[in-house]
Amino acid sequence: MAFHAAGPEHLYPQAGDPWQPDALYAATHPDSGVGDLGVLLTRVGKKVLSVPDEHVTETVDVSDCTDLKLAAILAHRSGAARERPLPGILSRLPAAERESIIATEYFTLLGRRPAPDGAVPRLSR
C-alpha cells in the first residue's frame, strides 16, 4: 500500500515532496535455489517457503559482501544463540557452506511505476 501511496502529493502532504519508487520487489527463494538451506531447515522441523522459479524476476550476486550480510544476520543474537532460528543454523555452518547459501539474493517484482518507454525497472546495486 505504501508503494502505491508514495506518489500522489495530496495523500500525505506532511511527509514532504511526493516521490514514487520505480518498482517494488519482495525477497524470495526459488524452488530450485533452496538446496542446502532446505536440508538444514528440515533437520530442525522447518521448511523454506519458496516460489516457482518463473516467479523470480531478479537475482543478485552478493558474494562480495557476505561478511557484512553475515554480521547483520548474527546481530540477531537471541536467534543466533538458538538451534532452530535461521541465524543460529547459519552461525554453526562451516564458512564455505554458509557462503554458498547467503551469496545470492532472489526477488519477485510485485509492482512498478508505469515507465514512459514501457521498460521494466531493474534492481540496481
Where is the tightest heavy-atom contact between Leu70 and Arg98, given as atom of each residue plus distance?
CD2-NE, 3.2 Å

Flag yes if Leu37 and Val51 sit in one hydrophobic cluster, no otherwise; membership is Ile, Leu, Val, Met, Phe, Trp, Tyr, and two members link when side-chain heavy atoms are under 4.5 Å apart.
no

Counting neighbours of CZ on Phe3 that are heavy atoms of other residues, nucleotides or ligands and sit closer than 6.0 Å, is the number greater than 12?
yes

Report the relative orientation of the aromatic rings in His29 and Tyr106; use parallel for angles under 30°, tilted for 30 to 60°, perpendicular for over 60°.
tilted

Residues Gln20 and Ala6: closest non-hydrogen pair is OE1-C, 4.2 Å

Common cluster, Val48/Val56, ILVMFWY with side-chain heavy-atom separation under 4.5 Å
no

So, for Ser91 and Gly88, which heavy atoms are closest and what is the spacing to 0.1 Å?
OG-O, 2.8 Å

Using the side-chain hydrogen bond (donor to acceptor under 3.5 Å, both in side chains) criterion, which residues pair with Thr28? Sequence neighbours excluded.
none

Cluster link Leu24 to Tyr12, ILVMFWY, side chain under 4.5 Å:
no

Output all residues satisfying side-chain hydrogen bond (donor to acceptor under 3.5 Å, both in side chains) with Glu99, sequence neighbours left out; order by chain, then residue number.
Thr66

Taking the side chain as every heavy atom from C-beta outward, state whether Glu97 and Leu40 have any pair of such atoms under 4.5 Å apart.
yes

If Ile, Leu, Val, Met, Phe, Trp and Tyr residues are connected whenever their side-chain heavy atoms lie under 4.5 Å apart, and connections chain through other members, are Leu110 and Val60 in the same group?
no

Considering all heavy atoms, the nearest Ala23-Tyr25 contact:
CB-CE1, 3.5 Å

Considering all heavy atoms of both residues, which atom of Gly111 and which atom of Leu109 are nearest to each other, and what is their separation?
O-CD1, 3.4 Å

Please name the pair of heavy atoms, one in Pro30 and one in Asp53, separated by the smallest distance, quoted to 0.1 Å.
CB-OD1, 3.4 Å

Nearest-0.5 Å distance, NZ of residue Lys47 to OG1 of residue Thr42
9.5 Å

Among all residues two or more places apart in sequence or in another chain, which pass the side-chain hydrogen bond (donor to acceptor under 3.5 Å, both in side chains) test with Ser50?
Asp31

Is there a donor-acceptor pair under 3.5 Å between the side chain of Lys69 and the backbone N or O of Ile102?
yes

Inter-residue atom distance Glu105.CD - Thr59.OG1, 0.5 Å rounding:
10.0 Å

